[in-house]
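Notes follow the structure.
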Amino acid sequence: MKPAPTVFVVDDDLSVREALSSLLRSVGLQVETFASARDFLHYQWPDTAACLVLDVRMPGLSGLDLQQELRTAGLQLPIIFITGHGDIPMAVRAMKSGAVEFLSKPFRDQDLLDAIRQALKQDQAIRLERAELDKIRVKYGTLTPREREVAALLVRGALNKQVALDLQVTEVTIKVHRHNIMRKMNARSLVELARMIEKLRAC
Amino acid sequence: MTARQRRDLEVIQRNASTLLRQVNSLLDLAKVDAGKMVLSYVRTDLVHLVRTVAAHFDALAQQRSITYAIDTPDRLEVEADPEKLERILLNLLSNAFKFTPDGGRIRCAIELSGENRAVLSVQDSGPGIQPELRGKIFERFQAGSGVSHDPTGTGLGLAIAKDFADLHGGTINVSGGPGGGALFQVEIPLRAPQGTYVRASEASSTSGEVPWLGDAASLQPVKYEPGAEISSQDRPLVLVAEDNPDMRRFITEVLREDYRVALAADGAEALAKARAEPPDLAVTDLMMPTLSGDQFVAELRAHPQLAQIPVLVLSARADDALRLKLLAESVQDYVTKPFSAHELRARVKNLVTMKRARDALQKELATQDNDLAFLAGQLIASRRALQRSHDALQESEQRWRAVYEKSAAGIALTDPEGRILAANPAFQNMLGYSEDELQKTSLLSITPEGDRETTQSRISQLVEDGGGEYHVQRRYLRKDGSILWANASVSLIPGAGNMAPMLLRIVEDVTERKKAQDALAEAQAKLARVTKATAMGELAASIAHEVNQPLAAIVANSQACLRWLTATPENKQEVRGAIERIVRDANRASKVIDRIRGFLSRGNLRKDLVQVEEVVNEVFIMLRDAASASQVSMRFKYPSNLPPVIADRVQLQQVILNLVTNGIEAMTSVTKHPRLLEVEVWSNYADLVFIHVRDSGVGLDAGQLDRVFDAFFTTKPEGMGMGLAISRSIVEAHGGRLWANRNEDQGVTFTLTLPTGARETS
């Protein structure tokens with residue numbers, strides 16, 4: 001069975017943590033609460049679908065600081081900010097940095113649940129993308145250095161003949177390479193191969 | 001001749017020969033660099049040369065039980081410069097003897113290498129040379145850079161050996177000998193290059209006399225005496241970082257009479273000692289192993305507690321650029337070796353005196369507002385000390401002269417009739433007179449007419465009592481006729497011998513503060529409504545935040561509650577939990593509202609005469625249970641004749657309650673030492689009552705200390721971050737001040753001042 005998605009709640013206020021925990025559990029979500037950004041950074045979160053509900057104003061590391069820390073560490077976790085009083089510049093900053101939603105306390109439960117649903121969807125997409133990339137990377141890893149060279153030229157649109165000329169080998173050799181590349185990368189067309197290699201380059 | 005004189009002479013002799021050696025080495029290197037070093041080739045018996053030179057070490061080998069072997073063929077004729085070869089061999093053998101422990105082994109050998117090259121090798125059983133350093137040891141000045149670990153070397157010997165070997169078209173290298181130690185091998189061609197003029201062999205091709213070997217003592221294995229520290233607690237502490245043992249001993253001799261001296265053989269050791277006990281002065285060499293002098297200074301400066309320590313640099317390097325850079329950036333003084341004991345003593349004394357004066361001054365400035373009395377006491381104590389001894393007089397004069405000249409507080413001496421005998425620059429500036437002019441006027445003429453009588457009577461009282469002091473806020477008349485408001489502390493310096501009694505007057509200019517206070521009071525009165533509205537505006541954010549927190553929890557709990565109720569099966573335990581939290585959070589919200597309301601009503605400040613000790617006792621009773629539950633002991637100290645303050649009793653109670661509660665909460669995680677909350681109340685019996693609330697809790701760092709009074713700032717998980725902000729507002733509304741200091745051991749002291757009734761009524 002797939003584990004239930006987890007919502008991490010980081011808020012320095014015990015009342016808010018307890019209340020959100022109860023509310024989110026009542027709709028069947030897993031909840032983990034943290035009293036400070038520091039605690040959350042020290043936590044090893046499991047590899048499940050997840051999102052973060054984060055208080056903006058906290059002693060020590062603030063919510064915005066935590067968002068920055070996660071970004072710096074290359075961790076893509078969708079964030080919903082909650083704040084005691086709506087501070088517009090802060091909201092703008094948070095949203096610009098990629099927050100899913102910015103809610104002022106007190107908020108309607110439905111608003112929070114909607115935001116969480118959206119955040120989990122986003123997390124799902126990130127995960128799929130990452131899984132696909134991992135697959136491509138594994139397949140690409142099976143190519144020989146020569147095949148990588150050939151693949152790079154092919155996806156740039158070079159014909160077999162041109163590649164052969166570039167690499168100082170016969171056209172037949174290139175055909176063999178090309179066949180092996182398509183097989184190993186599990187690509188049905190040159191266009192698909194190009195798309196895969198593009199993705200590898202983008203990251 | 002005493003043993004100590006003998007040792008001093010030996011040190012002098014040794015240093016002279018080391019110096020001579022270093023000068024010769026430098027000259028040689030300079031010549032090599034300039035291409036002026038020419039070999040004068042002589043047909044020489046290498047074996048004879050080696051045996052002659054090596055024989056110089058026989059006595060030393062015997063004395064130190066070193067097995068010393070010379071392995072050579074019977075004869076080996078080479079065309080070379082015998083003097084240069086001697087130098088190479090001498091340097092190698094000196095090193096070998098320096099690094100080989102007593103009872104060790106040294107072997108010197110000559111062999112043929114192929115047809116036309118000779119190899120001269122010196123092998124020892126010392127510590128050897130790490131493979132990664134082997135390339136470096138032939139570079140210049142390596143002795144002081146942690147490569148050779150030889151604190152007495154010039155760092156030039158091996159560089160010269162290499163240059164001389166190169167001149168012969170030869171090579172020099174080092175490796176690990178079989179069975180440890182170092183093996184140096186010099187390979188040179190047997191014949192001079194084609195066409196070189198080669199003299200025939202001379203009878204005395206080797207000089208037979210080796211001038212720089214006159215210091216066999218320096219070839220003893222390197223030792224230094226880490227424990228040789230001389231102490232006597234009260235004297236200023238001078239930390240000496242110097243890698244040369246003789247130099248360390250010399251500096252110690254010079255300074256031990258007047259200072260405690262801590263010794264370090266390199267920068268790293270010095271840094272560790274400075275951390276353990278910050279000295280009043282650091283005296284450091286520049287070239288030292290492990291951590292050089294300039295690195296050590298940089299480390300000191302980077303360390304907040306050590307950044308203020310003055311540094312005196314000693315160096316043989318007359319390097320102007322480095323000196324200027326160090327002087328500009330981080331170092332107070334610089335002495336070039338050689339220097340005299342007198343010069344060192346004078347410079348050290350100068351720096352230590354400055355440092356101590358600055359410490360005193362800083363302390364004085366830090367507590368200027370309320371501690372003028374303390375300064376006065378110090379000055380008088382100093383004057384008394386002056387009378388005791390002439391030496392102490394000079395030292396103390398210098399020290400206090402600095403305080404006197406640099407103090408931001410005005411200091412003046414008058415006789416009992418009010419004639420001004422002396423006035424410091426601050427005092428002159430405050431009143432706009434020069435010292436000469438002041439000496440021609442009297443205290444009464446710089447006192448506004450209406451105040452003269454009271455001034456006169458206060459002084460008469462002081463003289464009559466034969467001692468003591470008083471503190472007043474009073475007015476002075478400036479030269480331009482304007483009024484200066486000042487806090488003045490006046491003390492009587494009793495007469496002694498043929499010296500008449502004097503009055504010491506320390507004056508702090510509070511005109512600006514007074515003006516600001518008056519302006520503020522006026523503005524507050526006129527704009528009471530606006531002020532209140534502004535305060536409301538600032539508070540709006542706080543209210544929103546503080547109330548929304550529990551409110552958000554209540555809303556979320558209610559919604560959760562509804563969901564749990566409609567779930568199948570209904571989850572009663574969760575419903576119950578949610579409802580309990582709703583009740584708790586609603587109470588919390590209402591408490592927030594109450595506190596904010598209390599804050600807002602400060603406009604209706606009641607002003608009664610209140611005894612602070614009563615209020616503190618009430619607070620202690622209220623918090624007795626809370627304190628004992630947290631295992632905190634509470635202590636309260638106050639004098640019996642405390643004057644009343646003018647305050648709103650309820651609000652004052654709120655403030656003290658808040659500070660004491662904070663203190664107790666700050667100690668809940670303390671386990672290492674007793675949890676002690678102490679309240680101390682005292683008065684300067686002039687115009688202020690001081691209340692200190694001291695805890696032994698977790699403390700605050702410097703950043704937190706700046707922010708504790710900001711609204712919303714809190715270190716407590718459940719805190720509002722409003723308590724101290726409100727407390728400060730209340731205290732300021734009473735005309736007092738509230739601030740926080742870190743304690744020296746642990747925890748924080750909050751201090752608040754309140755005006756006493758005395759000032760209002762006088």
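This is a predicted model, so every value here is computed, not measured. First the proteins, then the strands, lettered A, B, ... as listed; each starts at 1.
By the 6.0 Å contact criterion, CZ on Arg38(A) is open, its count of non-hydrogen atoms from other residues, nucleotides or ligands being 12 or less. Environment of CZ in Arg93(A): sparse, with no more than 12 heavy atoms of neighbouring residues, nucleotides or ligands closer than 6.0 Å. In this structure, Glu744(B) places its CD atom where only 12 or fewer heavy-atom neighbours from other residues, nucleotides or ligands lie under 6.0 Å away. Under a cut-off of 6.0 angstrom, the local environment of CZ in Arg148(A) is crowded, with over 12 non-hydrogen atoms contributed by other residues, nucleotides or ligands. Annotation: Arg188(A), atom CZ; neighbour count of heavy atoms from other residues, nucleotides and ligands within 6.0 Å does not exceed 12.
Residues of residues 554-566 of chain B having a heavy atom under 4.5 Å from any heavy atom of chain A, listed by number: Val555(B), Ala556(B), Asn557(B), Gln559(B), Ala560(B), Arg563(B), Trp564(B).
Under the 4.5 Å side-chain criterion, counting only non-hydrogen atoms from C-beta, Ser15(A) is not in contact with Arg581(B). Taking 4.5 Å as the limit, every side-chain heavy atom of Glu18(A) sits out of range of all side-chain heavy atoms of Glu580(B).
Taken to the nearest 0.5 Å, the OG atom of Ser26(A) stands 8.5 Å off from the CD atom of Glu574(B). The structure places CG of Asp12(A) at 6.5 Å from CD of Gln549(B), a figure rounded to the nearest 0.5 Å. Taking CG of Asn571(B) as the reference point, atom CZ of Arg25(A) lies at 8.5 Å (rounded to 0.5 Å).
When each of Asp109(A), Val27(A), Leu23(A) is checked for heavy-atom pairs under 4.5 Å with chain B, Asp109(A) comes out on top.
Proximity to chain B (any heavy atom under 4.5 Å) is shown, for Leu103(A), by neither the backbone nor the side chain.
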